[in-house]
Amino acid sequence: MNRITRLFNEKKQRILSVYFCAGAPVADNTAEVITALEAHGVDLIEIGIPFSDPMADGPVIQAAANTALRNGMNLSRLFGQLKDIRQQVRIPLILMGYLNPILQYGTEAFFKKCQETGIDGVILPDLPLQEYINKVKAVAEACGVKVILLITPETSDERIREINRQTDGFIYMVSSAAVTGARKDFDEAQQAYFRRIDRMGLKNPRMIGFGISNRQTFETAARHAVGCIIGSRFVDLLTQEHGDAGRAIGRLLDDLRKEE
């Protein structure tokens, strides 16, 4: 069974997913970051593939991607760093990035390498739904890799239902139309969007991401989904701690417990 499926079968609430950009701030500590996150109780890890034009990302993740590219990170190097990762960790691992590097690597070769390495899922924010259905879905399924698609407050009910029909990992709920970045709390419009999706009765579990960085945002999101995805705040802390993932995740978990 795919590890993503197993996680959502076994845990129904307050799942914590953490994103970091491979190769930033340190070029070669991808495996160390992953093992530290698992050791601190993180349920799911998203490993960012750096790209020069990350359109959905705010300044923190953009800066991390630029650092990673300067450090020489690319898909081949990343797969090399992940070669033995399944000897060290058991939790689900997802690669998150943009379509261009995957196309350059070769779509079929990419998914086969994910299978070989023990990657459970892939998130590609710029992958069009029809492109996924027509060209990617069969390849990914043959390799046992879940492709996670995103929805936003602007996504129509019809499209959300089609994404729900076509996928079976989880649905990534982007909390707002803005780019990634930490925020203090979610406004009423965002919470109305969360409630709207609640009422749709989708078969797939949902994770909420973008803007979660403290106890208030985590608790609000956790009421409307099975879990939360934290990216920019952890990337920022990892940079502050010069790549020491243990210290960075410790500070993040403190933030999630603290009253504002």
Side-chain angles (χ1 to χ4, degrees), residues 2-5 8 17 19-22 44-58 61-62 64-65 68-69 73-76 78-79 82 92-117 119-180 197 202-210 225 229 231-232:
N2 182 284
R3 279 171 285 261
I4 295 171
T5 304
F8 288 108
S17 176
Y19 165 97
F20 74 99
C21 182
L44 176 66
I45 298 173
E46 295 175 19
I47 306 156
I49 305 166
F51 182 53
S52 56
D53 186 25
M55 63 182 185
D57 294 315
I61 294 178
Q62 285 186 25
L69 291 171
M73 181 55 69
N74 55 40
L75 259 179
S76 295
L78 175 55
F79 279 129
L82 295 172
L93 301 176
I94 293 175
L95 292 184
M96 183 170 186
Y98 292 86
L99 200 50
N100 186 273
I102 282 77
L103 294 176
Q104 290 186 14
Y105 193 89
T107 303
E108 189 169 347
F110 170 76
F111 281 102
K112 284 183 176 177
K113 198 68 175 176
C114 287
Q115 181 183 37
E116 177 187 315
T117 309
I119 297 298
D120 305 288
V122 174
I123 300 171
L124 302 170
D126 59 342
L127 175 64
L129 177 58
Q130 278 310 125
E131 183 88 358
Y132 162 70
I133 294 169
N134 296 334
K135 296 184 179 179
V136 174
K137 183 178 180 180
V139 176
E141 287 182 347
C143 295
V145 178
K146 305 292 186 187
V147 177
I148 313 303
L149 298 182
L150 285 71
I151 65 172
T152 76
E154 282 70 41
T155 307
S156 69
D157 286 6
E158 180 183 9
R159 185 179 178 86
I160 292 170
R161 293 192 190 283
E162 183 65 9
I163 288 171
N164 188 51
R165 278 193 295 270
Q166 295 290 345
T167 64
D168 66 350
F170 66 89
I171 292 175
Y172 189 133
M173 282 182 65
V174 177
S175 67
S176 74
V179 295
T180 57
I197 306 303
L202 304 176
K203 69 177 176 66
N204 280 310
R206 305 182 308 278
M207 297 282 287
I208 296 178
F210 285 46
I229 300 163
S232 294

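Here, residue 1 is the first one in the sequence, and each next residue gets the next number.
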Which atom pairs, donor and acceptor, lie under 3.5 Å between side-chain atoms of residues 45-53 and protein residues at least two apart or in another chain?
residue, atom, partner, partner atom, Å
Glu46, OE2, Ser17, OG, 3.3

Original post:
Got a sec, which pairs hit ring-ring contact (aromatic ring centres under 6.0 Å, His included) with one end in residues 150-171, sequence neighbours left out?
Top reply: Phe8-Phe170
Subject >> CD/Glu108: more than 12 non-hydrogen atoms of other groups inside 6.0 Å >> reply: no
**OP:** Kindly indicate whether the side chain of Ile197, heavy atoms from C-beta on, has any atom under 4.5 Å from the side chain of Leu202.
**Re:** yes
Subject >> Side chain Thr117, main chain Lys113, donor-acceptor under 3.5 Å >> reply: yes
**OP:** Could you tell me which non-hydrogen atom of Ile119 sits nearest to which non-hydrogen atom of Val145, and how far apart they are?
**Re:** O-CG2, 3.9 Å
Original post:
Could you go step by step and tell me if Ile151 and Tyr172 meet the side chain to side chain contact (heavy atoms under 4.5 Å, CB included) rule?
Top reply: CA-CA 6 Å; Ile151 65 172; Tyr172 189 133; over 6 Å; no
Subject >> Which atom of Met73 lies closest to which atom of Ala22, heavy atoms considered >> reply: CG-O, 3.5 Å
Original post:
Between Asp57 and Tyr19, does a side chain to side chain donor-acceptor pair (under 3.5 Å) hold up when you go through it step by step?
Top reply: CA-CA 12 Å; Asp57 294 315; Tyr19 165 97; 5.1 Å; no
Subject >> Close side-chain approach of Val122 to Ile94, heavy-atom, < 4.5 Å >> reply: no
**OP:** Measure the CG-CD1 distance between Leu127 and Ile102 for me, rounded to the nearest 0.5 Å.
**Re:** 9.5 Å
Subject >> Euclidean distance, Glu141 CD relative to Cys143 SG, rounded to 0.5 Å >> reply: 10.5 Å
**OP:** Determine, step by step, whether Leu75 and Gln104 satisfy the side chain to side chain contact (heavy atoms under 4.5 Å, CB included) criterion, reporting the C-alpha distance in whole Å, the side-chain angles of both residues, the deciding distance to 0.1 Å, and the verdict.
**Re:** CA-CA 10 Å; Leu75 259 179; Gln104 290 186 14; over 6 Å; no
**OP:** Dump the intermediate steps for salt bridge (charged side-chain N to carboxylate O under 4.0 Å, His left out) on Lys146 and Asp120, then the final yes or no.
**Re:** CA-CA 6 Å; Lys146 305 292 186 187; Asp120 305 288; over 6 Å; no
Original post:
Where is the tightest heavy-atom contact between Leu129 and Glu162, given as atom of each residue plus distance?
Top reply: CD2-CG, 3.7 Å
**OP:** Compare all side-chain heavy atoms of Leu124 with those of Tyr98 and state whether any distance is below 4.5 angstrom.
**Re:** no
Subject >> Non-hydrogen side-chain atoms of Thr155 and Leu150 separated by less than 4.5 Å >> reply: no
**OP:** Output the distance between atom NZ (Lys137) and atom CD (Gln166), rounded to the nearest 0.5 Å.
**Re:** 4.0 Å
Original post:
Any sub-3.5 Å donor-acceptor pair from Asn164's side-chain atoms to Ile160's backbone N or O?
Top reply: no
**OP:** For the pair Asp126 (side chain) and Leu99 (backbone), establish whether a donor and an acceptor sit closer than 3.5 Å, ignoring hydrogens and angles.
**Re:** yes
**OP:** Indicate yes or no: at least one non-hydrogen side-chain atom of Val147 is less than 4.5 angstrom from one of Thr167.
**Re:** no
Original post:
Would a distance-only check, ignoring hydrogens and angles, find a side-chain to backbone donor-acceptor pair under 3.5 Å from Asn2 to Gly144?
Top reply: yes
**OP:** Decide if atom NZ of Lys135 counts as having more than 12 heavy atoms of other residues, nucleotides or ligands within a radius under 6.0 Å.
**Re:** no
Original post:
Which atom pair, heavy atoms only, marks the closest approach of Gly169 to Asn204?
Top reply: N-OD1, 3.9 Å
**OP:** Would you confirm whether Thr152, through its side chain, and Glu154, through its main-chain N or O, come within 3.5 Å as a donor-acceptor pair?
**Re:** yes
**OP:** For the residue pair Leu149 and Ile171, establish whether any side-chain heavy-atom pair is separated by less than 4.5 Å.
**Re:** no
Subject >> Exercise: identify the closest heavy-atom pair between Gly231 and Ile61 >> reply: C-CD1, 4.4 Å
Original post:
Do Tyr105 and Asn74 have side chains that get closer than 4.5 Å, going by heavy atoms?
Top reply: no
Original post:
Do Phe210 and Ser232 come close enough that some side-chain heavy atom pair is under 4.5 Å?
Top reply: no
Original post:
Which heavy-atom pair separates Thr107 from Val139 by the least distance, and what is that distance?
Top reply: O-CG1, 4.4 Å
